[in-house]
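Nothing here was measured: the structure is a model prediction, and the numbers come from that model. As the structure lists them, so they are numbered: ligands from 1, and atoms in each ligand from 1. We number each residue from 1, following the sequence as shown.
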Amino acid sequence: MNLILFGPPAAGKGTQAKRLVQDHGFIQLSTGDMLRAARASGSELGQRVSKILDEGGLVSDDIVIGLIDEQLTNHKGAPGFIFDGFPRTVGQAKALDDLLEARGTAVHCVLRLVVDEDQLLARISKRFEEQGRKDDNPEIFSTRLEKYNEDTAPLIPIYAERGLLREVDGMASIDEVSASIDGALKELV
Ligand code: AMP
C-alpha cells in the first residue's frame, strides 16, 4: 500500500511516518530528509539546494521527482511506501502518479493531518529552541506556511475528488493520532 502523509510543516508527518515504518514495515520517503542529507554530504546537489532550504522555499519539481524516482528504484519490491513531504505541488503529484503507474502501482490513500496555524507556530517555536533548525525560525517558518497554502494545499480537493483523502485530527496526542491513522488504514484493507 502506498500512502501520502499530507499536512503543513510541523503537523507531525515525520513522527507518524517513523511509527508506521516500525509498526507496518513501510519504507518512508521524506524529500526533506533526503535534501538535508544531500546538504550534509556536501554533494553538488546539496550545495545547489542549501540556500533554498534555509530560506523556506521549494526546491524545483525536477530535483525532488528525481530523488523519489531513484528511491523507488532502490526499494523495488518493497511492500509499501509512505511519502512524507512529497508531493508538494500539482506537478509533483502528477509525476508521482506516473512513477507509480510505471511500476504497476498507485497512490492508495492520502492521510491529511489537520492542525491549526496557532498550534503549528507553538510547535515550531519549541522545535526551533530544541533543535535550532534554521528554517524553523519564526520568519522562515511563515514563508514555509505560505508556500504550503499556495502550492501544496491545492492538492487537497484533487485527492478528495479521487476519493483518496482521509482526514485525521492532528491536534490530538501522538498516540491518539496514531490510533486514528491505524483506524483509517484498516478501513482501506
Ligand atoms: P520538510 O522537512 O519536509 O519540511 O522539508 C524541508 C525543506 O525541504 C522544505 O522547506 C523545502 O525547502 C524542501 N523540500 C522538501 N520536500 C520538498 C518537495 N516535495 N518539494 C520542494 N521542496 C521540498
Side-chain angles (χ1 to χ4, degrees), residues 2-21 26-72 74-75 81-100 107 110-115 117 119-156 158-159 164 170 177:
N2 301 312
L3 280 183
I4 296 174
L5 264 182
F6 194 90
K13 300 187 297 294
T15 304
Q16 291 300 329
K18 288 190 175 61
R19 207 258 322 161
L20 285 162
V21 167
F26 291 100
I27 301 284
Q28 177 192 6
L29 297 184
S30 157
T31 39
D33 285 350
M34 293 175 209
L35 293 165
R36 280 185 290 275
R39 173 160 65 178
S41 77
S43 67
E44 197 245 314
L45 169 68
Q47 290 172 30
R48 252 194 300 154
V49 300
S50 185
K51 192 160 176 276
I52 302 172
L53 296 188
D54 284 344
E55 290 175 350
L58 287 185
V59 169
S60 75
D61 282 358
D62 285 353
I63 289 179
V64 288
I65 291 164
L67 290 171
I68 290 287
D69 190 9
E70 191 183 338
Q71 289 300 316
L72 289 174
N74 289 350
H75 295 281
F81 292 93
I82 302 178
F83 298 94
D84 162 10
F86 180 92
R88 263 172 151 101
T89 64
V90 173
Q92 291 177 25
K94 171 83 185 71
L96 179 61
D97 286 337
D98 294 345
L99 290 174
L100 292 175
V107 173
V110 180
L111 276 168
R112 177 184 174 205
L113 299 179
V114 183
V115 181
E117 290 205 2
Q119 172 82 257
L120 292 175
L121 287 169
R123 287 183 188 183
I124 215 68
S125 323
K126 191 160 169 270
R127 192 164 86 180
F128 184 50
E129 276 167 28
E130 286 169 1
Q131 300 176 15
R133 219 175 98 178
K134 218 170 174 177
D135 61 343
D136 282 345
N137 93 44
E139 208 178 301
I140 303 293
F141 187 70
S142 69
T143 306
R144 290 167 68 201
L145 260 187
E146 259 170 45
K147 285 270 152 212
Y148 170 80
N149 288 326
E150 276 169 23
D151 297 323
T152 311
L155 294 174
I156 296 169
I158 295 175
Y159 284 125
L164 294 174
V177 175

I'd like to know if R36 pairs up with D33 as an ion pair, taking the criterion as any Lys NZ or Arg NE/NH1/NH2 lying under 4.0 Å from an Asp or Glu carboxylate oxygen. yes

Listed partners of R48 passing side-chain contact (heavy atoms from CB on, under 4.5 Å), at least two apart: E44, L45, I63

For E55, all residues meeting salt bridge (charged side-chain N to carboxylate O under 4.0 Å, His left out), sequence neighbours excluded: K51

Has R39 got a side-chain atom pairing as donor or acceptor with V49's backbone, closer than 3.5 angstrom? no

Sidechain-backbone polar pair: S50 side chain, G46 backbone, donor-acceptor under 3.5 Å: no

Exercise answer, ligand 1 polar atom pairs (N/O) under 3.5 angstrom:
from     : atom 1 : to   : atom 2 : distance (Å)
ligand 1 : 2 (O)  : R36  : NH1    : 2.9
ligand 1 : 2 (O)  : R36  : NH2    : 3.0
ligand 1 : 3 (O)  : R88  : NH1    : 3.0
ligand 1 : 3 (O)  : R88  : NH2    : 3.3
ligand 1 : 4 (O)  : R88  : NH2    : 3.2
ligand 1 : 4 (O)  : R144 : NH2    : 3.0
ligand 1 : 12 (O) : G57  : O      : 2.5
ligand 1 : 16 (N) : T31  : OG1    : 2.8
ligand 1 : 16 (N) : G85  : O      : 3.4
ligand 1 : 16 (N) : R88  : NH1    : 3.0
ligand 1 : 19 (N) : T31  : OG1    : 3.4
ligand 1 : 19 (N) : G85  : O      : 2.9
ligand 1 : 19 (N) : Q92  : OE1    : 2.9
ligand 1 : 20 (N) : Q92  : NE2    : 3.0
ligand 1 : 22 (N) : V59  : N      : 3.1

Does anything in residues 58-71 pair up under side chain to side chain donor-acceptor pair (under 3.5 Å), and if so which pairs, sequence neighbours excluded? D61-T89, D61-Q92, D69-R103, Q71-H75

